[in-house]
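Proteins come first, then strands; the chains are lettered A, B, ... in the order of their sequence lines, and each starts at number 1. Side chains are part of it too, since the values below use all heavy atoms of this structure and drop only hydrogens, waters and symmetry mates.
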Number of protein chains: 2
Amino acid sequence: MAATASGQNGVVTDDAPRRGRPRTVGADEAILTATLDVAREVGFRGMAMDVIAERAGVSKATIYRRWASKEALVLEALRRAINPLDDADLGSVRADLTTYLGNLAERMATGNMADVLPHLIEWSVHDPQLRAQLDDYVAHRRRPLVAILQRGVERGEIRDDVELDTMVDAFVGPFIYRKLLTGAPIGAGFVDDLLDLLIPTITA
Amino acid sequence: MAATASGQNGVVTDDAPRRGRPRTVGADEAILTATLDVAREVGFRGMAMDVIAERAGVSKATIYRRWASKEALVLEALRRAINPLDDADLGSVRADLTTYLGNLAERMATGNMADVLPHLIEWSVHDPQLRAQLDDYVAHRRRPLVAILQRGVERGEIRDDVELDTMVDAFVGPFIYRKLLTGAPIGAGFVDDLLDLLIPTITA
DNA sequence: GATTTACGATACTGGTCGGTTCAGTATCGT
DNA sequence: ACGATACTGAACCGACCAGTATCGTAAATC
């Protein structure tokens, strides 16, 4: 989607020294960061390209030389912002869940996507490309959790008469609910409470 | 907030017959309904007053004679759309929860607010008035559930070592998560699964 | 009938924003 | 030095939109 030939994942050994003035290094970075910052603050619709340009310390023309449209820019900025949570396997379900949910709580508080989420959800309602991006984000969050629970089932620690998907919903749902609706704090205390509540339920 | 003197809750015995042509009856209704319909489809930012006027079969001037601004109109439309879920008290926690969550599932599928929710959440991020409206909505959803669980605690059916608020989050969270993020179906099956999963947890 | 108020239709104002274009300048290879 | 490419700054276009103004008309009271 990016107009640049410098690869799709940031730093790439881009040999073949072309003629003419090279592109300002770090401009892509600055623009993408500014894009996400502005999106965080005012959402995608309220976000003006002039503001992004100013924030990135770059001319608006420069942006349009590197991305075809506002939408293309937003899509790449989002793609870059999705950092998968990794799955620890500490031996016990409780330990795995504690670390996973702890990371999730931290991301909810300080993560890249946290403040963009409301805007992303809204836009994705009628934009298939954004919707796909959101699905990707959701999948990245669910995958490790499914793995944790799956291991628990295989070890006989977890009952196998309930859909794994429903269990995942029971763990992640409360976080999303607090983040988007109630605004209640999401900290270590909440994680502990939730585990105290849910662990007895899922154990075989 | 409404410019009209006809009261704040729709039909009011509006005596004191004023002179001149009376306001077209049902126009308020039509306008508020159209507002919510359009909001459902394109969100609050994408919603043009001309479209609302046309949809309501009304001139734009008529709208501005009754409401001071787009924001005032939206606020009243939202206020009207919040219908509280009622709390049954069927004697057992399981029965109460079944009916409550069943109603919740139905609202998520066909309710007034369901499709507006993403837009409302987005706007409320930086608009205190919208935020207040959203808080009101959330409170209306939580209240009956808290009552159900509270009764369960008093009857000794439910353990009292976990915050009630956390329990509520555990029940409502999965619904919100599915509605806003995963898009997974929210039907009777999901309600049953969730109850099978959570009931053992909360019982004393 | 005169007055008063609400109405539809439509045009208009003022502002915002995505995207384009261009002149002048900077920085690279050759 | 020269051509090629990138960058800034700014002007500019076209679309969209909230809100206002106007005008002729409909429906009520007096």
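Note: OH (B/Y64) to C1' (C/dT10) measures 16 Å, nearest angstrom. A straight line from CG of A/D50 to P of D/dA10 spans 12 Å, rounded to a whole angstrom. Whole-Å rounding puts the A/E54 CD to C/dC17 P distance at 13 Å. Protein atom CZ of A/F44 is 17 Å distant from nucleotide atom C1' of C/dC17, rounded to whole Å. What separates CE of A/M49 from P of D/dG9 is a distance of 17 Å, to the nearest Å. Rounded to a whole Å, the CG atom of B/L73 is 13 Å from the C1' atom of D/dG19. In this structure, A/W67 places its CH2 atom 16 Å from P of C/dG18, rounding to the nearest Å. Put simply, CZ on A/R21 is 5 Å from C1' on C/dA26, counting in whole angstrom units.
Here B/T62 reaches the OP1 or OP2 of C/dG8: one of its side-chain N or O atoms lies under 4.0 Å away. Between A/R23 and the phosphate of D/dA6, there is a side-chain N or O to OP1/OP2 separation shorter than 4.0 Å. A close approach under 4.0 Å does not occur between any side-chain nitrogen or oxygen of B/S59 and OP1 or OP2 of C/dT10. Distances shorter than 4.0 Å separate some side-chain N or O of B/T24 from OP1 or OP2 on C/dC7.
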For B/R80 and B/T33, what are the C-alpha separation, side-chain angles and deciding distance, and is it a side chain to side chain donor-acceptor pair (under 3.5 Å)?
CA-CA 9 Å; B/R80 217 187 48 139; B/T33 301; 3.3 Å; yes
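Within 4.0 Å (heavy atoms only), B/A27 reaches no atom of the nucleic acid at all.
Within the 4.5 Å cutoff, no side-chain heavy atoms of A/K60 are placed close to those of A/R65.
With a 6.0 Å radius and a threshold of 12 heavy atoms from other residues, nucleotides or ligands, B/E163 has its CD atom at or below the threshold. Counting non-hydrogen atoms of neighbouring residues, nucleotides and ligands closer than 6.0 angstrom, the CD atom of A/E41 exceeds 12 such neighbours.
Electrostatic pairing of A/R142 and A/D165 counts as a salt bridge here, judged by a charged N lying under 4.0 Å from a carboxylate O.
Put simply, the side chain of A/T24 never gets that close to the backbone of A/A27: no donor and acceptor are under 3.5 Å apart.
Among the nucleotides D/dA18, C/dG19, C/dG8, the one closest to any side-chain atom of B/V58 is C/dG8. If you check C/dG8, D/dA28, D/dT5 against the side chain of B/P22, the one that comes closest is D/dA28.
Under the Watson-Crick or G-U wobble criterion, with both distances below 3.5 Å, C/dG18 is paired with D/dC13. When Watson-Crick and G-U wobble pairs are counted only if both distances are under 3.5 Å, C/dG29 pairs with D/dC2.
Residue side chain B/R65 does not reach the base of C/dA6 through any donor-acceptor N/O pair under 3.5 Å, judged by distance alone. Put simply, the side chain of B/K60 and the base of C/dG8 share no donor and acceptor less than 3.5 Å apart. Side-chain N/O atoms of A/K70 and base N/O atoms of C/dG19 include no donor-acceptor pair closer than 3.5 Å.
In terms of position on DNA chain D, the residue among B/G20 and B/G46 whose nearest nucleotide sits closer to the 5' end is B/G46.
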